[in-house]
Colleague: 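The structure's right below; bear with me while I get my questions together.
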Amino acid sequence: MSLDAMFDKAAANAAPVASITIRRPDDWHVHLRDGTMLNAVLPFTAAQFARGIIMPNLVPPVTTVEAAAAYRDRILAARPQGSDFQPLMTCYLTDMTSPDEIERGHAEGVWVAAKLYPAGATTNAHHGVTNIPALAPVLERMEKIGMPVLIHGESTDPEIDIFDREAAFMEHSLLPLLARHPGLKVVIEHATTAETLDIVRAHATRAAATITPHHLVINRTSIFQGGLQPHLYCLPVAKRERHRLALRKAATSGESCFFIGTDTAPHLRTRKEAECCSAGIFGGATALQTYVQVFDEENALDRFETFASLNGARFYGMAPNSGTITLERRESRVMAAVGVDDSEVVVFRGGVTLPWSIVTS
Ligand code: NCD
Ligand code: ZN
């Protein structure tokens with residue numbers, strides 16, 4: 001046997017990595033809700049992530065500096081004892097948003113970014129933006145002060161097939177927006193198509209995309225596997241297998257324009273298993289276990305920290321976190337659901353044994 005072949009054989013026989021320790025990661029897209037739901041779900045996000053970009057689609061939406069500051073205080077007060085989780089607040093953009101209010105909230109350190117929901121695109125998006133070109137004065141101000149816009153990139157045209165809505169938005173709304181605002185920092189939230197990833201790559205000096213855990217492990221067929229699966233329904237809806245594979249490749253590539261955004265979006269079981277199922281997957285409790293499994297399966301554990309803990313911070317101009325978190329290759333059974341009031345929220349990949357676990361100190 002040649003020396004090379006011997007080395008190859010040794011490498012193939014090497015024991016798989018038993019654990020991985022990375023700098024504490026951040027979740028750049030999280031829905032924490034409010035009230036009893038906030039109390040129920042925050043501990044899961046706070047156990048996994050040091051910071052989170054908090055989505056503003058409450059009822060009513062978070063459109064003023066004062067509302068954002070008050071929401072931040074409620075999140076801080078709801079943290080489990082000993083948690084230093086830091087909520088990073090966002091402004092919900094509407095047709096009425098004023099550039100001055102945007103700049104004030106940013107200058108006061110309340111808003112880190114603003115969220116653009118095309119009106120009606122998703123859960124609690126009916127106050128969103130009806131005319132994106134008309135938002136130009138707001139976006140120009142954001143460009144000037146270096147404040148990123150976070151975009152839910154789906155067309156709201158009811159004539160467009162739901163599986164094509166992200167592609168339609170990219171073509172008809174995102175590319176013109178990028179051209180109109182050449183210095184604006186843009187995050188395409190929860191990217192779901194191979195083509196979206198390529199658009200982000202082509203604008204990577206100032207554009208980025210978050211990638212959810214669920215879009216790395218389910219495709220559109222999963223939603224119908226064995227019958228309709230309401231707990232796998234979210235927006236943007238999962239796409240074909242080729243897109244899932246492209247997302248896995250992008251997330252594990254180490255490219256700096258891709259980072260974690262779980263889009264953990266809890267809804268009560270009663271709202272999911274309903275005549276009209278709400279969009280959203282509660283992935284917050286199993287996010288890192290899912291991401292690390294994907295990196296392991298893609299033989300990319302050496303790039304996990306880059307995706308989880310470095311790329312997002314760099315994009316937002318923040319220092320990476322101090323401290324670390326360790327995940328180990330140890331099977332553990334995850335809870336199936338989290339109780340909220342007299343109902344519960346079903347956990348994504350809950351109730352089953354997962355191959356990776358978080359080491360709790
Ligand atoms: C989110 C929610 O429930 O707030 N739902 C979802 O399907 N992802 C909203 C969103 O991010 O689209
Ligand atoms: Zn979301």
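We count residues from 1, following the sequence as given. Order of listing sets the numbers, starting from 1, for every ligand and every atom in it. These numbers were taken from a predicted model, which means no experiment stands behind them.
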Colleague: Applying the side-chain hydrogen bond (donor to acceptor under 3.5 Å, both in side chains) test to R349, which of H231, Q293, Q289 qualifies?
Modeller: Q293

Colleague: Could you pull out the closest heavy-atom pair between I145 and H106, with the gap in Å?
Modeller: O-CE1, 3.5 Å

Colleague: Report, rounded to 10°, the angle at the Zn ion (ligand 2) between the two atoms NE2 (H31) and NE2 (H29).
Modeller: 110°

Colleague: Could you tell me whether a side-chain N or O of D27 sits under 3.5 Å from a main-chain N or O of T262, the two making a donor and an acceptor?
Modeller: yes

Colleague: If hydrophobic residues (ILVMFWY) are linked whenever their side-chain heavy atoms come closer than 4.5 Å, directly or via other members, who joins F315 in its cluster?
Modeller: W28, I53, M55, L88, Y92, V112, Y117, L150, V187, F259, Y316, M318

Colleague: Enumerate the residue pairs fulfilling ring-ring contact (aromatic ring centres under 6.0 Å, His included) with a member in residues 137-170, sequence neighbours excluded, ordered by first and then second residue.
Modeller: H152-H190

Colleague: Report the name of the N/O/S atom of D263 located nearest to the Zn ion (ligand 2).
Modeller: OD1

Colleague: Residues in salt bridge (charged side-chain N to carboxylate O under 4.0 Å, His left out) with R244, at least two apart?
Modeller: E241

Colleague: Go through the steps for S222 and N219 under the test side chain to side chain donor-acceptor pair (under 3.5 Å), then give the verdict.
Modeller: CA-CA 5 Å; S222 316; N219 62 25; 3.3 Å; yes

Colleague: I'd like the contact residues of ligand 1, where contact means a heavy atom below 4.0 Å.
Modeller: H29, H31, R33, N57, T122, T123, H152, H190, C234, L235, D263, A265, H267, A279, G280

